[in-house]
Peer 1: 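The structure's right below; bear with me while I get my questions together.
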Amino acid sequence: MKDPVNFSIGQPDFDVPEPLKEEAIKAIKAGQNKYSQTAGDSLLQGRIAEQIKSEFGWTNPAILVTSGVSGALLLAFMALVNPGDEVIIPDPYFVMYKHLVNMLGGKCIFVDSYPTFELPLEKISRAITSKTKMIILNSPCNPTGVVYSEEQIKALARIAAEKDVLVITDEIYEKFCYEGRCPSIANYYRKILLLRGFSKSYAMSGWRLGFAAADESLKDVIEQMTKIQQYTFVCAPTPFQKAAIAALDYDVSDFVAAYRKKRDLIYEGLKDRFELVKPGGAFYAFVKAPAGGATKFAEKAIANNVLVIPGNVFSEKDTHFRISYATSDDKIEQGIKILRKLA
Ligand code: PMP
């Protein structure tokens, strides 16, 4: 396609901030090009641990630096999911979860969160059985952009605690929060694996950096994940780990402010023609397709030069389509005009 409006991309449209690029270049020139420890560069690991301690009050968190949150997810699922285990996943969901569970012989238990995309607490509670291995939490959520409220997160923590179930919280979009900070379950529950990354916050998706953090009581999970990393990826890219130390202190509030404006553009531009929930975070909107389904609508949009992703990629349903508004304001305006005509 020639110069399409590309609403399909799952990464920011800005580049890595210059000072962070400089840190990576400095590390490469200084010869920091060999393997790091499997668990991660010790300075980076220490800095992440400090941040987690001060944010959540954990005393001695275990940290593993991974090749992106994708790496952390693969290692976590490999360490935890045995054949027949059930994994509870709010639907719609980030694509990887389903395929990892299936690959490992586990069983996905989808809990429908349509049409508000709030946490389906009742359904989650009812879905827990003796075979439940874990619940997946992703806020801000890909593909809906929904940020779960403090009350919902607390309620989930209560449900999980009652049944003693592990929660994996994928917080890769935690910086992209447009109404204050995103509540984290790490404040309310210790039996969690917290996953965060650098791909979205600092636009370094090609640098492949993320981490997993757990309370001391779950150190063994991090140790098993570290063992698998040792025999697979070995470690995350060393010079970029050095640059990530500086990223931890880098202020991205200007980027977030720009993305809040983009969120407003999309929401205001579509809300009278389409059914959509106002996204509170990430850079996605999950919009109800007109009658005929999302795949048909996506085909029609593509024929009109706008790339969107049909909902069945992220869901057991095909009623909605995902817009990523991580593109220029001009392209967003163009895309809104075209989509409105197709409504
Ligand atoms: N989790 C979610 C919810 C995502 O949207 C993504 C990227 N699309 C990832 C994890 C993986 O990101 P990365 O491996 O680049 O850290």
Side-chain angles (χ1 to χ4, degrees), residues 6-16 20 40 44 48 63-78 87-101 103 108 110 113 117 119 134-148 167-177 182 184-185 192-213 225 228-229 232-233 235-237 240-241 243-244 247-248 252 259 279-286 307-309 311 313-315 322-327:
N6 195 344
F7 282 158
S8 74
I9 296 193
Q11 58 188 347
D13 71 324
F14 55 89
D15 197 6
V16 176
L20 303 182
L44 174 61
I48 293 169
I63 309 291
L64 168 62
V65 180
T66 56
S67 290
V69 173
S70 304
L73 283 165
L74 175 67
L75 297 173
F77 281 58
M78 285 184 81
V87 178
I88 297 177
I89 305 175
D91 177 347
Y93 45 79
F94 171 53
V95 283
M96 254 185 101
Y97 310 145
K98 170 182 176 171
H99 299 305
L100 287 179
V101 172
M103 185 174 79
C108 296
F110 297 111
S113 74
F117 308 123
L119 260 185
M134 60 211 196
I135 301 168
I136 308 295
L137 183 64
N138 172 218
S139 178
C141 177
N142 177 9
T144 64
V146 166
V147 175
Y148 303 133
V167 174
I168 292 197
T169 177
D170 178 345
E171 300 185 359
I172 191 165
Y173 296 102
E174 49 106 19
K175 293 268 193 290
F176 294 90
C177 261
C182 292
S184 172
I185 195 167
I192 66 161
L193 208 51
L194 168 71
L195 310 184
R196 286 187 176 173
F198 296 82
S199 288
K200 317 286 174 174
S201 313
Y202 312 99
M204 26 177 98
S205 50
W207 288 14
R208 310 310 305 130
L209 286 173
F211 65 86
M225 289 169 64
I228 304 171
Q229 174 145 285
T232 53
F233 307 112
C235 63
F240 297 138
Q241 289 192 60
L248 287 173
V252 292
Y259 271 58
F283 30 76
Y284 307 112
F286 206 53
L307 298 173
V308 296
I309 303 191
V313 171
F314 311 98
S315 177
R322 191 190 77 172
I323 287 178
S324 160
Y325 51 84
T327 183

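Here the structure is a predicted model, which means the values were calculated and not measured. One-based numbering, in listed order, for ligands and for the atoms of each.
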Peer 1: List the closest protein heavy-atom neighbour of atom 3 (C) of ligand 1: residue, atom name, distance to the nearest 0.1 Å.
Peer 2: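 Here the nearest protein heavy atom works out to Asp170 OD2, 3.4 Å.
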Peer 1: Look at atom 15 (O) of ligand 1 and say which protein heavy atom is nearest, naming residue and atom and giving the distance to 0.1 Å.
Peer 2: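 Minimum-distance protein heavy atom for atom 15 (O) of ligand 1 reads Ser199 OG, 2.6 Å.
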Peer 1: Sub-3.5 Å donor-acceptor pair from the side chain of Ser324 to the main-chain atoms of Gly10, do we have one?
Peer 2: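 No, because the side chain of Ser324 does not come within donor-acceptor range (under 3.5 Å) of the backbone of Gly10.
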Peer 1: For atom 7 (C) of ligand 1, what's the nearest protein heavy-atom neighbour? Residue, atom name and distance, please.
Peer 2: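 The answer is Lys200 NZ, 2.9 Å.
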Peer 1: Is there a donor in the side chain of Glu174 and an acceptor in the side chain of Ser184, or the other way round, less than 3.5 Å apart?
Peer 2: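 Per modelled atom types, Glu174 and Ser184 side chains form no pair under 3.5 Å.
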Peer 1: Under 4.0 Å, counting heavy atoms only: does Tyr173 come that close to any atom of ligand 1?
Peer 2: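 It does; at least one heavy atom falls under 4.0 Å.
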Peer 1: Could you tell me, atom by atom, which parts of ligand 1 come under 4.0 Å of a heavy atom of Gly68?
Peer 2: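 By the 4.0 Å cutoff, the relevant atoms are 14 (O), 16 (O).
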Peer 1: Work out whether the distance between some heavy atom of Gly197 and some atom of ligand 1 is less than 4.0 Å.
Peer 2: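 Contact absent.
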Peer 1: Check the angle between the aromatic planes of Tyr259 and Phe14 and answer parallel, tilted or perpendicular using the 30° and 60° thresholds.
Peer 2: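 The arrangement is perpendicular - the two ring planes meet at more than 60°.
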Peer 1: Of the backbone atoms (N, CA, C, O) and the side-chain heavy atoms from C-beta on, which set of Arg208 has a member under 4.0 Å from an atom of ligand 1: side chain, backbone, both, or neither?
Peer 2: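 It is the side chain that touches ligand 1; the backbone stays farther off.
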Peer 1: What part of Asn138 sits under 4.0 Å from ligand 1 if we count only heavy atoms: the side chain, the backbone, both or neither?
Peer 2: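 The side chain, only.
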Peer 1: Could you check if a side-chain atom of Tyr173 sits within less than 4.5 angstrom of a side-chain atom of Cys182, using non-hydrogen atoms only?
Peer 2: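 Counting from C-beta outward, Tyr173 and Cys182 never come under 4.5 Å.
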Peer 1: Give me the residue, atom name and distance of the protein heavy atom closest to atom 12 (O) of ligand 1.
Peer 2: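 Here the nearest protein heavy atom works out to Ile172 CD1, 3.2 Å.
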Peer 1: As an exercise, state the distance from CD1 of Ile168 to CG of Leu137, rounded to the nearest 0.5 Å.
Peer 2: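 Here the interatomic distance stands at 10.5 Å.
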Peer 1: Regarding atom 14 (O) of ligand 1: of the candidates Ser70, Ser205, Gly71, which has the closest heavy atom?
Peer 2: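 Going through Ser70, Ser205, Gly71 one by one, Ser70 has the nearest heavy atom to atom 14 (O) of ligand 1.
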Peer 1: Around atom 6 (C) of ligand 1, find the nearest protein heavy atom and jot down its residue, atom name and distance.
Peer 2: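 For this ligand atom, the closest protein heavy atom is Phe94 CZ, 3.5 Å.
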Peer 1: When you compare ligand 1 with Val69, is there at least one nitrogen or oxygen pair between them that comes in under 3.5 angstrom?
Peer 2: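 Yes; at least one N/O pair falls below 3.5 Å.
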Peer 1: What's the verdict on side chain to side chain contact (heavy atoms under 4.5 Å, CB included) for Asp91 and Ser315, showing C-alpha distance, side-chain angles and the deciding distance?
Peer 2: CA-CA 6 Å; Asp91 177 347; Ser315 177; 2.6 Å; yes
Peer 1: Which side-chain N or O atoms in residues 93-100 pair as donor and acceptor under 3.5 Å with protein atoms at least two apart or in another chain?
Peer 2:
residue : atom : partner : partner atom : Å
Tyr93   : OH   : Glu316  : OE2          : 2.5
Tyr97   : OH   : Asp170  : OD2          : 2.7
Lys98   : NZ   : Glu316  : OE2          : 3.1

Peer 1: Cys235: what forms a disulfide (SG to SG under 2.5 Å) with it, not counting sequence neighbours?
Peer 2: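 Applying disulfide (SG to SG under 2.5 Å) to Cys235 gives none.
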Peer 1: Are side-chain heavy atoms of Pro92 and Phe117 found at a separation under 4.5 Å?
Peer 2: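 Yes, side chains in contact.
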Peer 1: Under 4.0 angstrom from ligand 1, any heavy atom of Gln11?
Peer 2: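 Checking ligand 1 against Gln11, which is what was asked, there is no heavy-atom contact under 4.0 Å.
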